[in-house]
Amino acid sequence: MAPILQVKNLKKTYEGGFEALKGVNLDIEEGEILALLGPNGAGKTTLISTLCGITIPTSGQATVGGYDVQHDYRAARGMIGLVPQDISLEPFEKVKNTVGLTRGLFGKRRDDALMERLLKQLSLWDKRDSKVNELSGGMKRRVLIAKALIHEPRVLFLDEPTAGVDVELRKDMWEVVADLKKQGVTIILTTHYIEEAEAIADRVAVISHGEILLIEDKDKLMSRMGRKQLKIELREPVSEVPDALKGYDLELADDGAALVYTYDTHADRTGITRLLADLSAAGIVMRDLSTRQDSLEQIFVSLVKEDAA
Amino acid sequence: MNTYAIWSIYRYEMARFFRTILQSFISPVISTSLYFVVFGTAIGSRIQEVEGVSYGAFIVPGLIMLSVIMQSISNASFAIYFPKFIGTIYEVLSAPVNFIEVVIGYVGAAATKSLFIGLVILGTASLFVDLSIAHPLAMLAFLVLTCVSFALMGFIIGIWAKNFEQLQLVPMLIVTPLVFLGGSFYSISMLPPVWQTITLFNPVVYLISGFRWAFFEQSDVSVALSLLAITGFTALCVGIIWLIFRTGWRLRD
């Protein structure tokens with residue numbers, strides 16, 4: 001099956017000469033959740049804006065559901081729901097009216113049952129007659145999500161949806177996302193919160209300086225992250241790994257003042273107990289022990305650093 | 001044609017108007033009454049008649065045009081500038097709509113509001129002076145065309161404006177003088193010949209003249225020319241808006 005979203009060599013150079021996208025290629029399968037990670041100014045929002053029609057690409061091509069976002073913009077945009085990064089809502093309008101406006105803009109007849117279901121799911125039903133400016137920041141964010149979903153999109157862009165919102169909303173939103181995934185909606189999410197990507201994404205893409213550095217299955221990334229290191233600080237430094245311990249994946253560190261043991265946390269046996277027993281059998285005295293684990297965040301940071309270098 | 005989108009934008013814009021319906025109604029009533037007190041009574045007592053029409057009645061078409069033109073521009077420019085200012089424009093830009101649908105929605109609502117105000121002024125004026133409208137349909141047609149064309153112009157100003165100052169600039173510096181010098185309160189024939197010629201370069205003259213003809217069958221320029229001028233102006237505005245949407249100028253990055 002063709003990917004629901006295809007981006008081919010998409011470039012965007014702003015008027016001032018800033019190259020926000022330097023030839024992005026991206027295929028997204030229907031029904032998957034992709035987390036797009038990247039530092040500020042990496043091009044996340046520009047990419048989303050270009051796909052949604054808010055920004056005009058300099059060159060390249062993008063299709064949604066097979067429809068070109070520029071030439072078949074009606075069909076392409078009709079499939080897309082967008083939750084923008086900034087809270088942009090008309091302050092004096094009632095919640096239900098502003099949500100209803102979006103459905104109309106997408107050429108769909110008003111659907112009260114859907115409106116009720118959606119507002120209830122987002123805990124907005126009690127606030128349906130409130131004006132937007134009477135709502136808290138978190139509630140406004142919910143309104144934006146409701147607006148993005150009211151026209152039943154097949155592809156949903158969530159641009160930093162949980163930036164600055166409380167834990168409760170974040171959890172609610174993850175539930176909504178899980179629910180949408182069940183309905184087969186494709187979700188592209190940009191976020192600063194690595195844990196968010198860990199919690200809900202199927203795949204993770206890292207973007208920096210307008211280029212996609214990595215797209216990988218989250219589980220594969222997680223297994224890379226599953227590697228853990230045990231650092232054993234020694235009372236007496238050694239010049240090489242003692243012969244009795246050659247069977248272990250050990251490396252010297254701190255000029256021989258420490259040994260580093262790498263192991264897989266997902267494995268049945270990590271070998272730690274045996275290693276420690278063998279260490280004391282070899283007469284090596286330990287001063288301290290510590291463990292360290294690569295997180296998605298570290299992978300992300302090192303990738304972005306490499307890119308900057 | 002995405003008619004749901006047109007209707008949604010139109011209704012949403014009209015809702016803003018209905019939220020402040022009292023203000024929308026009262027302010028033209030008060031300003032019209034003031035004009036009648038100042039122009040009609042104070043000046044009118046010295047100028048009895050202009051080309052066979054009592055001065056009080058003579059200024060009614062100009063007065064309506066003055067308000068309708070200003071209202072159309074400010075309604076439409078604000079309607080599109082405000083979403084740009086608060087960021088909600090993203091919604092229209094990312095919706096499956098073309099420029100015609102967006103324009104009909106926004107400009108239609110802006111024109112409806114100023115049409116309403118024009119009719120309120122007409123109603124208020126009829127309390128002060130005896131008014132007979134020679135060609136009611138033509139009067140309405142001129143009024144509607146004026147509302148639409150200047151709402152289109154306002155729409156362009158709203159897209160062009162980068163801040164609230166610029167939003168006020170064109171109406172204040174260009175439109176107000178053109179309207180005042182366009183024969184709202186006098187007949188062009190009352191001017192010295194040189195000024196009569198200069199005045200003919202003012203597009204508002206053609207509007208007011210045509211509109212006044214619909215009331216009193218008396219005009220500064222021919223009705224056909226008036227109609228041609230306003231139609232041409234409307235077409236020009238539509239063309240500019242088409243170009244703006246095609247290039248994304250000041251709308252899309």
Side-chain angles (χ1 to χ4, degrees), chain A residues 12-16 18 20 45-46 48-58 67 69-70 72-94 97-110 131-133 144 147-148 151 153 157 159, chain B residues 1-24 78-106 108-109 158-159 162 242-253:
Chain A
K12 174 65 188 179
T13 307
Y14 284 104
E15 237 171 73
F18 176 65
T45 301
T46 302
I48 289 181
S49 299
T50 309
L51 298 176
C52 294
I54 298 167
T55 300
I56 303 169
T58 310
Y67 300 107
V69 296
Q70 282 187 284
D72 283 326
Y73 69 91
R74 258 192 218 271
R77 288 183 204 165
M79 298 177 78
I80 298 176
L82 167 66
V83 179
Q85 192 173 343
D86 299 319
I87 294 182
S88 313
L89 286 166
E90 162 129 21
F92 312 111
E93 194 52 83
K94 283 180 184 172
N97 291 350
T98 186
V99 175
L101 168 71
T102 313
R103 190 172 167 87
L105 279 175
F106 279 78
K108 291 197 168 176
R109 184 192 289 274
R110 156 180 173 170
K131 284 183 186 169
V132 167
N133 61 359
L144 285 177
K147 279 169 81 78
H151 66 276
F157 288 100
D159 197 358
Chain B
M1 196 60 122
N2 186 346
T3 45
Y4 281 116
I6 298 174
W7 177 234
S8 296
I9 296 173
Y10 183 84
R11 229 180 33 180
Y12 197 75
E13 286 301 307
M14 290 309 288
R16 203 204 308 276
F17 178 65
F18 287 122
R19 274 200 294 271
T20 54
I21 184 82
L22 206 63
Q23 282 153 263
S24 311
F78 185 78
I80 191 70
Y81 178 74
F82 190 57
K84 269 175 56 188
F85 180 69
I86 61 172
T88 53
I89 190 81
Y90 85 87
E91 225 188 335
V92 176
L93 298 180
S94 62
V97 290
N98 66 15
F99 96 96
I100 295 172
E101 291 149 1
V102 174
V103 168
I104 296 177
Y106 279 109
I159 292 174
K162 285 183 171 168
W242 171 77
L243 205 63
I244 287 175
F245 272 80
R246 225 176 86 101
T247 57
W249 183 73
R250 299 221 171 153
L251 279 177
R252 296 178 211 271
D253 290 321

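Within every chain, numbering begins at 1; the chains are lettered A, B, ... in the order of the sequence lines, protein sequences first and strands thereafter.
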Mark yes or no for whether [X], through its side chain, and [Y], through its backbone, hold a donor-acceptor pair below 3.5 Å.
| X | Y | value |
| --- | --- | --- |
| B:Asn2 | A:Leu105 | yes |
| A:Lys12 | B:Asp253 | yes |
| A:Arg77 | B:Leu93 | yes |

Between A:Arg74 and B:Asn98, is a side-chain contact (heavy atoms from CB on, under 4.5 Å) present by the stated rule, with each step listed? CA-CA 8 Å; A:Arg74 258 192 218 271; B:Asn98 66 15; 3.0 Å; yes
Side chains of [X] and [Y], heavy atoms from C-beta outward: is any pair under 4.5 Å?
| X | Y | result |
| --- | --- | --- |
| A:Pro91 | B:Ile86 | yes |
| B:Tyr12 | A:Glu93 | yes |
| A:Arg109 | B:Tyr4 | yes |

Within a radius of less than 6.0 Å around NZ of B:Lys84, do more than 12 heavy atoms belonging to other residues, nucleotides or ligands occur?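 Atom NZ in B:Lys84 is crowded, with more than 12 foreign heavy atoms closer than 6.0 Å.
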So for atom OH, which belongs to A:Tyr67, do other residues, nucleotides or ligands contribute more than 12 heavy atoms lying within a distance under 6.0 Å?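 Counting other residues, nucleotides and ligands, OH of A:Tyr67 stays at 12 neighbours or fewer.
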Do you know which two heavy atoms are closest between A:Leu101 and B:Ile9, and how far apart they sit? CD1-N, 4.2 Å
Could you state the interatomic distance from CD (A:Glu90) to CZ (B:Phe82), rounded to the nearest 0.5 Å? 5.0 Å
Output for pair (A:Leu51 CG, B:Ser94 OG), nearest 0.5 Å, gives 12.0 Å
